[in-house]
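Written out below as structure tokens is the structure these notes cover.
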Number of protein chains: 2
Amino acid sequence: MTSGSFPKPEHDHQRCVARLVRHAEQLCIKAGVRLTVQRLAILKIIGSSHKATGAYDVLEVMAKQGQRAAPVTVYRALDFLISVGLVHRISSLNAFIACHHSHGSNPVQLLICKACGGVGELELPAVTRALKEAAGKAGFSVDEPVVEVTGVCAHCCAA
Amino acid sequence: MTSGSFPKPEHDHQRCVARLVRHAEQLCIKAGVRLTVQRLAILKIIGSSHKATGAYDVLEVMAKQGQRAAPVTVYRALDFLISVGLVHRISSLNAFIACHHSHGSNPVQLLICKACGGVGELELPAVTRALKEAAGKAGFSVDEPVVEVTGVCAHCCAA
DNA sequence: TTTGTAATGTTATACTATTGCATTTGTTAT
DNA sequence: ATAACAAATGCAATAGTATAACATTACAAA
Ligand SMILES: [Zn+2]
Ligand SMILES: [Zn+2]
Ligand SMILES: [Zn+2]
Ligand SMILES: [Zn+2]
């Protein structure tokens, strides 16, 4: 992934999720961390759509699937998934989105469609650089930029 | 205000708050909206520091001042203050910061010091432009970018 | 004054997230 | 193998953030 994209409504989502799972497995092996059944289950739930998913939405789905769990369980799994880069937190929505990419340690910019709820990603080093530079001029040492852009996606613009 | 700044710890804060109040009064007159006592009181509380302030922090202060209020009261005032540009919401902290500037409709980038909790502002049209352009290439029409950068401010870097 | 709108009050509730401690599971070293 | 340790999970309670619904009051214009 070089620059970014917004999920197309017509894509083969079965395949999309399958790829996400493979990606997660490989990534966790390489990082030497444990992708437990529970963590994978929660990743699948979040990855089951390209829309922002709340922690309690995940809980609901788990309950429907018969694997009832406590909130803290979900939050712990989310912490893990975020730490390894398989999930992004969306601060402005108190929600989460599965990440299908490999950003390494590069910050990401999220595109959030107000109309359909879809979430896309950009990876713009220029933006990160500009922020670091401007902050640096004020003596501010940047740790982690949160960039979340609300708007309307191409598909919803048309309609 | 052209580009940005981070609040200096040593500044004359009395004067700083007084300026904020004048700014608020003028702005509300010009906009033809009502800056009620309550709204002003809440703005003053938020503006009483350059750190992020939570809604329930505001409530606590109000209680101490004898003007006990319900959460919804604070949230309504905050909605108002945000809508006229006197307060910025900090999504990543679920908190708020008073705005001493006049951005017009230009988006702002917030600098949040992890060490002291101080919050500064940047106004970087280049960042906004870069986001709009990159989003536009994906057919995404930008409404409102949320840019919040955590890190360590100059003062805390030294220490 | 009447009338309509904006602001506030009141109560309850919804939604989001963490703490603390007990237990289990998996890994590593003997 | 098994002891010892660390990571992950289970469980219950609670903390923290935000809104809904409806009644009332304050203000401004007609
Ligand atoms: Zn998909
Ligand atoms: Zn991503
Ligand atoms: Zn859309
Ligand atoms: Zn500002």
Side-chain angles (χ1 to χ4, degrees), chain A residues 24-25 28-29 31-46 51-63 65-84 86-97 112 117 146 148 150, chain B residues 24-25 27-29 31-46 51-63 65-84 86-97 112 117 146 148:
Chain A
E25 283 164 345
C28 286
I29 287 172
V33 293
R34 281 154 59 184
L35 183 62
T36 63
V37 265
Q38 192 150 213
R39 288 167 171 175
L40 181 57
I42 288 171
L43 175 63
K44 275 183 189 165
I45 291 169
I46 294 173
K51 308 188 179 187
T53 305
Y56 283 76
D57 295 337
V58 174
L59 277 168
E60 251 182 62
V61 175
M62 289 181 82
Q65 293 177 353
Q67 43 183 327
R68 196 168 297 277
V72 71
T73 300
V74 171
Y75 281 104
R76 283 196 284 226
L78 285 170
D79 285 346
F80 168 83
L81 293 169
I82 290 170
S83 74
V84 297
L86 285 167
V87 162
H88 297 299
R89 176 186 189 86
I90 309 175
S91 292
S92 57
L93 298 179
N94 291 321
F96 306 86
I97 189 84
I112 305 161
V146 172
E148 299 171 4
T150 59
Chain B
E25 283 163 346
L27 190 154
C28 286
I29 288 171
V33 294
R34 281 153 62 182
L35 184 62
T36 63
V37 266
Q38 193 151 214
R39 287 166 172 178
L40 182 57
I42 288 171
L43 176 63
K44 276 183 187 165
I45 290 170
I46 293 173
K51 307 188 178 185
T53 305
Y56 282 76
D57 296 337
V58 173
L59 277 168
E60 253 182 57
V61 175
M62 290 181 80
Q65 292 178 353
Q67 43 183 327
R68 196 168 296 278
V72 70
T73 301
V74 171
Y75 282 103
R76 284 197 280 226
L78 285 169
D79 284 346
F80 168 83
L81 293 169
I82 290 169
S83 74
V84 296
L86 286 166
V87 162
H88 297 300
R89 175 186 190 88
I90 310 175
S91 293
S92 57
L93 298 178
N94 290 320
F96 306 87
I97 189 83
I112 304 162
V146 171
E148 300 171 6

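Within every chain, numbering begins at 1; the chains are lettered A, B, ... in the order of the sequence lines, protein sequences first and strands thereafter. Heavy atoms only: backbone and side chains are in, while hydrogens, waters and symmetry mates are out.
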Checklist line | Below 4.0 Å: OP1/OP2 of C:dA17 and any side-chain N or O of A:Asn94 | finding: yes
Atom-pair distance ([atom1] on [X]; [atom2] on [N]), nearest Å:
| X | N | atom1 | atom2 | value |
| --- | --- | --- | --- | --- |
| B:Leu35 | C:dT8 | CG | C1' | 15 Å |
| A:Leu93 | C:dA17 | CG | C1' | 16 Å |
| B:Gln38 | C:dA7 | CD | P | 12 Å |
| A:Ile82 | C:dA17 | CD1 | C1' | 12 Å |
| B:Ile42 | D:dA18 | CD1 | C1' | 15 Å |
| A:Phe80 | C:dA17 | CZ | C1' | 20 Å |

With sequence neighbours excluded, residues passing side-chain contact (heavy atoms from CB on, under 4.5 Å) with [X]:
| X | result |
| --- | --- |
| A:Asp57 | A:Thr53 |
| A:Leu86 | A:His23, A:Ala24, A:Leu27, A:Cys28, A:Leu43, A:Leu81, A:Val84 |
| A:Ile29 | none |

Notebook entry, point to check: For DNA chain D, which residues in residues 52-63 of chain B have a heavy atom at a distance below 4.0 Å?
Noted result: B:Tyr56
Notebook entry, point to check: Under 4.0 angstrom, heavy atoms only, what part of the nucleic acid is B:Ala70 near: base, sugar-phosphate, or nothing?
Noted result: base
Check: When all nucleic acid strands are considered with a 4.0 Å heavy-atom cut-off, which category describes B:Arg68: base, sugar-phosphate, or nothing?
Finding: nothing
For [X], give me all partners under side chain to side chain donor-acceptor pair (under 3.5 Å), at least two apart in sequence or on another chain.
| X | result |
| --- | --- |
| A:Ser91 | none |
| A:Gln67 | A:Gln65 |
| A:Glu25 | none |

Notebook entry, point to check: Tell me, do A:Met62 and A:Gln38 make a side-chain contact under 4.5 Å, heavy atoms counted?
Noted result: yes
Check: Quick one: does B:Asn94's side chain get under 4.5 Å of B:Arg89's, heavy atoms only?
Finding: yes
Check: What pair of heavy atoms forms the shortest contact from A:Ala95 to A:Ala52, and how long is it?
Finding: CB-CB, 3.8 Å
Checklist line | Closest heavy-atom pair and its distance - B:Ile90, B:Phe96 | finding: CD1-C, 4.3 Å
Notebook entry, point to check: How long is the gap from CG on A:Leu59 to CD1 on A:Ile45, to the nearest 0.5 Å?
Noted result: 8.5 Å
Item checked: Interatomic spacing from CD1 in A:Ile112 to CG in A:Leu93 - rounded to 0.5 Å -> 4.5 Å
N/O donor-acceptor pairs under 3.5 Å from side chains in residues 73-80 of chain B, not counting sequence neighbours:
| residue | atom | partner | partner atom | Å |
| --- | --- | --- | --- | --- |
| B:Thr73 | OG1 | B:Ala70 | O | 3.4 |

Check: Looking at residues 72-79 of chain A, who's got a heavy atom less than 4.0 Å off DNA chain C?
Finding: A:Val72, A:Tyr75
Next item on the list: Take B:Val33 and B:Pro71, find for each the nucleotide of DNA chain C with the closest heavy atom, and name the residue whose nucleotide sits nearer the 5' end.
Entry: B:Val33
Margin query: So for the helix from C:dT1-D:dA30 to C:dT30-D:dA1, with five pairs setting each end axis, what is the inter-axis angle to 10°?
Written below: 30°
Next item on the list: Scan nucleotides 22-29 of chain C nucleotide by nucleotide, 5' to 3', and note B when protein non-hydrogen atoms come under 4.0 Å of the base, S if they reach only the sugar-phosphate, - if neither.
Entry: ----S---
